[in-house]
Amino acid sequence: MSELKLEFVSKKVKDMYGTYIGKVVGIITDIEGSIESVSVDCGSSGIKNLPYEQLLVQGDYVIFIPRWRLDAQKLLREKSLTLKRIKALQEIVSDNDSMKDDAELVYLKYEKRLEDLGESTKEIIERLNQRISEIDMESKRVKAVLFDAKLQYKSNEITEDIYQQITLHTNELLDHVNLEKTEINNIINKLTQQTIDNTTVSNNGDQLTVQNESKEEVINYDLQNINHQESEQNVDYVRDSQHESQEIPNEEIPSYAETSMENATSAENNESTHIMATNN
């Protein structure tokens, strides 16, 4: 078995927000021996085959990347590149009026591309809003468990130690789903605020890599922030369980996603600004 396959076998799987999924029990390959999917034992849910392209080995764990995360990130980069090229075309015309006709032909191509990306943006945002609804339902179920545990504790049906364990685990689950919801909302804001007016063209080293980007490049920064935040949250859980045994913690989690997203300030609806407007 190849080294690539060996790094998956027997590893535990969790999503990129820290929720445990299961354990790798096997690998599905195509006729050429390339990995198609990884089989994960999810307990009572049975065996699930997770697409290889949505998996990334990080230390002792295999990280599952949501499909919406990869699609949204790819769309953000493609749209950003298209807007930068339109902006560059505008600057070319502004600097050299003799190139107006040539720039106009190229501009029409990118204008069509921007329209297509606009349709993709609507589809992605619809999927993201649907995922937010799913997260809200999951959050309600977790809070119901937490509330019932407190009720049992107050009525002396369970011990304080059991109540604290339930509080620890349910709050951890709530933090995971809230973390995902926070990132989704930030991505929606980013998608809706990507406009030509917010686009700058500069040689500052911030280069886009749309065609050759890997899933490691797409989420590596976010995973580092998530792992760092999980460590801080674990410390908070221990402190809460020691000093707040009578109350259910209800603190807002930090928004790690806000630090990794650019702050956009202008409204949308200016994406189709015609290049020739730069000469007015």
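Scope of the values below: all heavy atoms of this structure, side chains included, with no hydrogens, waters or symmetry mates.
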Q: I need the minimum non-hydrogen distance between Gln54 and Pro66, along with the two atoms involved.
A: NE2-C, 3.7 Å

Q: State whether Lys112 and Asp116 are salt-bridged, where the test is any N-O pair (Lys NZ or Arg NE/NH1/NH2 against Asp/Glu carboxylate O) under 4.0 Å.
A: yes

Q: Are any non-hydrogen side-chain atoms of Val62 and Val38 less than 4.5 angstrom apart?
A: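 Result no, sub-4.5 Å side-chain heavy-atom pair not found.
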
Q: If you take all heavy atoms of Leu55 and Leu50, which pair is closest and at what distance?
A: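 Shortest heavy-atom contact: CD1-O, 3.9 Å.
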
Q: State, with a plain yes or no, whether a side-chain heavy atom of Val40 is found less than 4.5 Å away from one of Lys23.
A: no

Q: Does the salt bridge (charged side-chain N to carboxylate O under 4.0 Å, His left out) test come out yes or no for Glu53 and Arg67, once each step is laid out?
A: CA-CA 9 Å; Glu53 62 180 3; Arg67 168 52 59 186; 2.2 Å; yes

Q: Could you tell me whether the side chain of Gln152 reaches within less than 4.5 Å of the side chain of Asp148, counting heavy atoms only?
A: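 Of all side-chain heavy-atom pairs linking Gln152 with Asp148, at least one is under 4.5 Å.
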
Q: For Tyr17, run the side chain to side chain donor-acceptor pair (under 3.5 Å) check against Lys181, Glu183, Glu180 and tell me which one passes.
A: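 So the option named by the test is Glu183.
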
Q: Give me the atom names and distance for the closest heavy-atom approach of Ala149 to Ile158.
A: O-CD1, 3.5 Å

Q: For the CD atom on Gln130, are there more than 12 heavy atoms of other groups (residues, nucleotides or ligands in this structure) within a distance under 6.0 Å?
A: no

Q: Say whether, by atom type as modelled, one donor and one acceptor occur between the side chain of Thr121 and the main chain of Leu117 under 3.5 angstrom.
A: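 It does hold such a pair.
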
Q: Please name the pair of heavy atoms, one in Thr82 and one in Tyr110, separated by the smallest distance, quoted to 0.1 Å.
A: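 In this case the closest contact between Thr82 and Tyr110 is CG2-O, 3.8 Å.
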
Q: Is the shortest heavy-atom distance from the side chain of Leu179 to the side chain of Asp175 under 4.5 Å?
A: no

Q: For Asn178, does its backbone N or O pair with a side-chain atom of Thr182 as donor and acceptor, under 3.5 Å?
A: yes

Q: Give, for atom CG of Asn186 and atom CG of Leu128, the distance between the pair rounded to the nearest 0.5 Å.
A: 11.5 Å

Q: Around Asp60, counting heavy atoms of other residues, nucleotides and ligands shown, do more than 12 lie under 6.0 Å from its CG?
A: no

Q: Determine, for Glu138 against Arg141, whether the closest basic-nitrogen to carboxylate-oxygen distance falls under 4.0 angstrom.
A: yes

Q: What closest approach, in Å, do Lys190 and Leu76 show between heavy atoms, and which atom pair accounts for it?
A: CG-CD2, 3.2 Å

Q: Please find the pair of heavy atoms, one from Asp41 and one from Gly43, that lie closest to each other, and give the distance.
A: OD1-N, 3.0 Å

Q: How long is the straight-line distance from CG of Leu168 back to CG of Leu173, given to the nearest 0.5 Å?
A: 10.0 Å

Q: Consider only side-chain N and O atoms of Glu32 and Ser34, and report whether a donor and an acceptor are under 3.5 Å apart.
A: no

Q: Do Lys122 and Ile125 come close enough that some side-chain heavy atom pair is under 4.5 Å?
A: no

Q: Are the side chains of Ile166 and Tyr153 in contact, using a 4.5 Å heavy-atom criterion?
A: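 No, too far: nothing below the 4.5 Å cut-off.
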
Q: Does Lys11 come within less than 4.0 Å of Glu7, counting only side-chain N to carboxylate O?
A: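 So Lys11 does not pair with Glu7 through a salt bridge.
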
Q: Between Arg127 and Asp71, is there a side-chain heavy-atom distance shorter than 4.5 Å?
A: yes

Q: Do the non-hydrogen side-chain atoms of Val177 and Val142 ever get within less than 4.5 Å of each other?
A: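 In short, these two side chains do not touch, never coming nearer than 4.5 Å.
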
Q: Rounded to the nearest 0.5 Å, what's the gap from CD1 on Ile21 to CG on Asp15? Could you check?
A: 5.0 Å

